[in-house]
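Working notes, structure below.
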Number of protein chains: 2
Amino acid sequence: MLDVSDLRFVTALSTAPSLAAAARTLGVTPPAVSQRLALLEDRLHLRLIERGRGQLRLTAEGAYLVDRAKGVLDDIESLAEDMSARAGRIDGPLHVIAPFGFGRLRVAPVLTRFGEENPELRPMLSLREDPVGAMNDGLWDVLVHVGRLPNLRITQRKLAPNRRLLVASADYAGRVGLPQKPQDMAAHRVGVVRENQADASLWPLTGPDGIEMNLRVQPVYSCNDGEVLRAWALDGFGIVERSEWSISADLRAGRLVRVLPDWSLPDADIVALLNPRAVRSLRIDKFVERLTAEISAMPMA
Amino acid sequence: MLDVSDLRFVTALSTAPSLAAAARTLGVTPPAVSQRLALLEDRLHLRLIERGRGQLRLTAEGAYLVDRAKGVLDDIESLAEDMSARAGRIDGPLHVIAPFGFGRLRVAPVLTRFGEENPELRPMLSLREDPVGAMNDGLWDVLVHVGRLPNLRITQRKLAPNRRLLVASADYAGRVGLPQKPQDMAAHRVGVVRENQADASLWPLTGPDGIEMNLRVQPVYSCNDGEVLRAWALDGFGIVERSEWSISADLRAGRLVRVLPDWSLPDADIVALLNPRAVRSLRIDKFVERLTAEISAMPMA
DNA sequence: TCAAGCATTAAGGCACAGCTTAATGCGGAC
DNA sequence: GTCCGCATTAAGCTGTGCCTTAATGCTTGA
């Protein structure tokens with residue numbers, strides 16, 4: 001009577017603002033959704049979704065169906081996972097969320113290779129400006145984040161250490177000179193990565209003797225893409241605070257030099273989060289394992 | 001990945017002695033089963049059923065799959081039931097088990113009518129010589145039984161009162177005469193219904209003053225079909241112990257007369273059992289309701 | 001007033017899951 | 001040895017589930 005595809009269909013509908021929207025996410029035309037819903041309702045002799053005046057609304061029966069459907073779907077999917085794990089197979093969909101810069105430059109290559117090695121895997125990499133905000137969407141397996149997240153029930157697996165460094169181009173250092181103490185910063189042009197709600201222009205510095213101080217800077221340039229800011233620094237426009245993973249190659253090559261090397265900012269270790277709501281699977285474990293190995297081994301290039 | 005039909009398929013296989021046997025119960029040809037199983041195993045990259053040397057045997061993975069599948073199937077079927085109930089619909093399969101005689105003569109008409117009134121219902125009536133034995137097969141919704149069953153966790157719903165009576169044909173009474181006290185029975189030809197393992201030839205009689213006695217009779221005729229025995233009595237061959245429901249019309253018409261009317265045998269009320277393992281559904285509730293009404297209202301015709 | 005987006009109905013098409021038949025090999029019973 | 005039932009493979013067919021396009025009417029906002 002009821003089929004898994006019916007349950008999937010109706011749960012997909014339940015989160016869509018309109019049938020047309022559902023059609024788009026399902027990758028079919030609106031009539032397909034409309035008539036399939038009508039057919040299902042006929043079959044059950046029940047109205048599932050009230051679709052008058054604009055907004056979709058689940059009826060009581062629809063809501064009940066969706067609710068129970070989620071349970072059944074979870075169950076059968078976890079069963080499929082179990083079977084796949086018993087076969088020692090790495091297959092199925094793997095949703096990874098990562099921040100823009102790090103995701104593109106560090107996670108993507110690993111995921112791509114992992115996908116090539118396991119032809120039945122269907123990797124999906126979603127680069128977000130705000131990975132943490134995407135957490136509650138539910139549809140992800142692994143979330144990579146730069147910087148430990150406080151106040152989380154989810155266990156965070158450390159992929160690699162990562163410091164935040166103040167840097168400027170060698171050219172800038174030669175032309176303008178570098179600050180020798182935090183207070184000198186005010187005389188310099190500063191760029192910051194303004195990602196989430198955190199106050200990017202307040203730097204909690206720790207000095208050589210363990211002295212702590214909060215330095216308020218007046219950024220002349222801000223961007224939510226660290227790579228843009230790195231380029232800005234490489235072009236000699238000013239001093240930026242940047243993750244070690246991003247600019248260590250530049251440091252080694254001498255394109256960038258550290259600013260106030262005796263002062264440090266809080267570490268922003270790279271961590272991976274596993275979605276507690278997702279079914280645990282072999283592919284997830286193996287991928288995180290791989291990620292840990294490769295990210296740690298990366299020459300911070 | 002896994003579909004409900006896969007789960008149904010594999011659970012069906014799990015109870016079959018051979019693929020060919022499974023094919024027969026599934027109503028398809030053996031190759032269909034063989035290749036479908038092969039396909040499923042391919043898809044999971046696992047061997048589910050060991051089919052060497054005669055007997056089928058589930059592998060560990062197969063057993064696990066079947067086990068979990070049962071849970072999922074139960075879940076989704078109960079969901080379908082719920083939706084159907086919310087629609088106030090009486091539909092789907094309805095497995096009824098009943099004993100031979102009572103089933104054919106009393107249950108069948110009710111079920112037939114109930115089925116006609118609810119075109120989407122798929123009634124299945126299974127008449128058994130030993131309904132109680134069939135209980136553990138699991139595949140039933142309602143079981144009708146004549147006589148309360150002891151030592152059962154299952155709640156028994158009384159459909160109608162029913163006495164066991166000793167009767168003979170009027171012809172026999174006139175020709176041979178009737179016994180006046182239990183001890184006289186030894187001089188008469190007696191027929192009994194020998195159904196289950198119960199000792200049909202030992203009658204626990206209760207007398208007019210509440211006197212109890214066990215009377216051992218020597219049946220000259222026994223049969224597991226009460227209707228055959230009734231015919232035997234109607235033909236004037238002897239005295240039989242028979243359920244009231246079966247012979248009350250004969251009594252009213254004078255074709256049969258009661259023997260030892262002051263002595264009574266234990267009642268054998270007609271009860272309905274609901275399969276506790278089956279999902280509760282509207283159709284079952286409504287059917288039992290209907291059964292109760294109609295059986296009670298029957299003129300014991 | 002028009003344009004755009006949404007929902008729905010009707011009609012047609014297509015892919016494919018799942019079946020069939022046919023043929024082969026195997027093992028056990030007699 | 002022969003026969004019968006089971007399992008399997010190969011090849012071919014088909015029903016139908018599910019989609020598409022096309023056309024219509026409704027609502028809403030510009």
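Order of the sequence lines sets the chain letters (A, B, ...), proteins ahead of strands, with each chain counted from 1.
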Query raised in the report: Among side-chain atoms of Arg128(B) and Ser126(B), is any donor-acceptor pair under 3.5 angstrom?
Result: yes

**Report entry** Contact list for DNA chain C against residues 20-30 of chain B - heavy-atom distance below 4.0 Å
**Finding:** Val28(B), Thr29(B)

Query raised in the report: Which pairs count as ring pair (Phe, Tyr, Trp, His ring centres under 6.0 Å) when at least one residue sits in residues 110-129 of chain A, sequence neighbours excluded?
Result: Phe114(A)-Phe287(A)

Would you please name every residue forming a salt bridge (Lys or Arg N to Asp or Glu O under 4.0 Å) with [X], sequence neighbours left out?
| X | answer |
| --- | --- |
| Arg157(A) | none |
| Arg86(B) | none |
| Asp91(A) | none |
| Arg8(B) | Glu77(B) |

Query raised in the report: Does Asp67(A) have any side-chain hydrogen bond (donor to acceptor under 3.5 Å, both in side chains) partners at least two apart in sequence or in another chain, and if so, which?
Result: none

Query - Listed partners of Glu120(B) passing side-chain hydrogen bond (donor to acceptor under 3.5 Å, both in side chains), at least two apart - result: His45(A), Arg89(B)

Query raised in the report: In whole angstrom, what separates Arg36(A)'s CZ from dT8(C)'s P?
Result: 16 Å

Report task. Take atom CD of Glu50(A) and atom P of dA7(C), then tell me their distance rounded to the nearest Å. Result -> 13 Å

**Report entry** Set of side chain to side chain contact (heavy atoms under 4.5 Å, CB included) partners for Glu227(B), sequence neighbours left out
**Finding:** Arg104(B), Leu105(B), Asp225(B), Arg230(B), Arg242(B), Trp245(B), Ser246(B)

**Report entry** Pairing residues for Leu282(B) by the side chain to side chain contact (heavy atoms under 4.5 Å, CB included) criterion, not counting sequence neighbours
**Finding:** Ala85(B), Ile90(B), Lys286(B)

Query raised in the report: Using the C1' atoms of the five pairs at each end, what is the angle between the end axes of the helix from dT1(C)-dA30(D) to dC30(C)-dG1(D), to 10°?
Result: 20°

What's touching nucleotides 9-17 of chain C from the protein side, N or O pairs under 3.5 Å?
none

